[in-house]
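Note that the structure is a prediction, hence the values are computed from the model and not measured. By convention in this document, chain letters (A, B, ...) are assigned in the order of the sequence lines, proteins followed by strands, and residues within each chain are numbered from 1. Both backbone and side-chain heavy atoms feed into the values below; hydrogens, waters and symmetry mates do not.
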Number of protein chains: 2
Amino acid sequence: MATRTDTLTLEVVELIGTVVARYHEEYDRAAAEHSLTGAQARVLGLLSLDPLPMRKIAVRLKCEPSNVTGIVDRLETRGLVERRPDPADRRVKLAAATETGRRTARELRDALDFAREPLAGLSDAERTVLRDLLRRMLGEETP
Amino acid sequence: MATRTDTLTLEVVELIGTVVARYHEEYDRAAAEHSLTGAQARVLGLLSLDPLPMRKIAVRLKCEPSNVTGIVDRLETRGLVERRPDPADRRVKLAAATETGRRTARELRDALDFAREPLAGLSDAERTVLRDLLRRMLGEETP
DNA sequence: ACCGATTTACTTGACATCATGAAATATTCA
DNA sequence: TGAATATTTCATGATGTCAAGTAAATCGGT
């Protein structure tokens, strides 16, 4: 509790707020260059790695499945994603990125300079320190 | 360019993504406890410090002024914010937090444990290192 | 092994919020 | 007077929730 209001902690909290804002600016800007919203880019990024059931997309996005229906609908209309039946369970629909979708996702990743370009200013040792501090902050103890 | 794809950089980028996600979860959870959306909590937080013209709220939020109208409308309906004329310019409306609004904003800040509680696990020296690394990453060179 | 009840996956519809852009109004400023 | 600024309104679309509906899988008792 001693850390609640000291200057150093507040500075770090504010810097993290700035990181969050910067991250979103970059992400939305990159998405907009492909006429995608942030949510659409996020889902396309997930599906470019592996097809996923609608349910699991909702879990990843921490939202209701009914919401995912609309997002995938819009991506499907644009030919970036397609729905396939799951041979193992006919209730399930697997959303999968099309070839065009995968290409768009790749371009999106390449355009996402955030934290990659800025990190270039840090040495390997510094990046290691940053990684370990972030891990501990997030409670992901190094195994 | 050597930093584009190395493992260490990608790890840090992913950790930052996790930080961003965690930040939003905490923020939205804290806001929801007061039946506020993220955007409403954000505006209330701004106004709890100082009254602001609608225009400046839009600049801070990086959105259109017409959007701010609705957000402030909802806060005003709930008695958390009020609109006042600006004596210096009759075109301008100043949005100001009411006493209730300031109290809600304070409770919101206190409930926002993100990065404050986790940072407790870091020593002063470590927090200083983290602060300086984040500053350099954000291009805010220490003056 | 069968069959009805429950659960699970997804979609649809109604609704609120957030976001943009264009047009309207009021006021300031050159 | 005419251009620029601050705000609002309106139309529209994306995102989010929740409740209800359909289809398919699974469970439990006989």
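- Near DNA chain D, meaning a heavy atom under 4.0 Å from it, residues 30-58 of chain B has B:Pro53, B:Met54, B:Arg55 in order of number.
- Under a 4.5 Å side-chain heavy-atom cut-off, the cluster of Ile, Leu, Val, Met, Phe, Trp and Tyr residues that includes B:Val59 has no other member.
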- [ ] Test side chain to side chain contact (heavy atoms under 4.5 Å, CB included) on B:Leu122 and A:Leu133 and set out the steps.
- [x] CA-CA 8 Å; B:Leu122 304 185; A:Leu133 287 176; 4.3 Å; yes

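- When DNA chain D is scanned in the 5' to 3' direction for atoms under 4.0 Å from non-hydrogen atoms of chain B, the outermost contacting nucleotides are D:dT5 to D:dT9.
- Residues forming a ring-ring contact (aromatic ring centres under 6.0 Å, His included) with A:His34 (at least two apart in sequence, or on another chain): none.
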Open item on the list: Before you tell me yes or no, could you show the steps for B:Arg127 and A:Thr9 under side-chain hydrogen bond (donor to acceptor under 3.5 Å, both in side chains), namely the whole-Å CA-CA distance, both residues' side-chain angles and the distance that decides it to 0.1 Å?
Closed with: CA-CA 7 Å; B:Arg127 274 179 275 171; A:Thr9 300; 2.7 Å; yes

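- Of the residues near DNA chain D, B:Val92 and A:Ile71, the one whose nearest nucleotide (by heavy atom distance) lies more toward the 5' end is B:Val92.
- Scanning for salt bridge (charged side-chain N to carboxylate O under 4.0 Å, His left out) contacts around B:Arg84 gives B:Glu82, with sequence neighbours left out.
- Only B:Arg83, listed by number, bring a heavy atom of residues 72-84 of chain B to less than 4.0 angstrom from any atom of DNA chain D.
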Atom pairs and distances, side-chain donor-acceptor, residues 35-44 of chain B, under 3.5 Å, sequence neighbours left out:
from: B:Thr37; atom 1: OG1; to: B:Gln40; atom 2: N; distance (Å): 3.2
from: B:Gln40; atom 1: OE1; to: B:Thr37; atom 2: N; distance (Å): 3.2
from: B:Arg42; atom 1: NH2; to: B:Arg60; atom 2: O; distance (Å): 3.4

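- Applying the salt bridge (charged side-chain N to carboxylate O under 4.0 Å, His left out) rule to A:Arg102 yields the partners A:Glu99; only residues at least two apart in sequence or on another chain are considered.
- Partners of B:Glu14 according to the salt bridge (charged side-chain N to carboxylate O under 4.0 Å, His left out) rule, which considers only residues two or more places apart in sequence or in another chain, do not exist here.
- With B:Asp73 as the fixed residue, the salt bridge (charged side-chain N to carboxylate O under 4.0 Å, His left out) test singles out one of B:Arg78, B:Lys93, B:Arg83: B:Arg83.
- Taking the salt bridge (charged side-chain N to carboxylate O under 4.0 Å, His left out) definition, one finds that A:Glu126 meets it with B:Arg136, sequence neighbours left out.
- Under a 4.0 Å N-O distance rule, the pair B:Asp124/B:Arg131 does not qualify as a salt bridge.
- Interface limits on DNA chain C: the 5'-most and 3'-most nucleotides within less than 4.0 Å of chain A heavy atoms are C:dT8 to C:dT12.
- Counting Ile, Leu, Val, Met, Phe, Trp and Tyr side chains that sit under 4.5 Å apart, directly or through other members, B:Leu49 stands alone, with no cluster partners.
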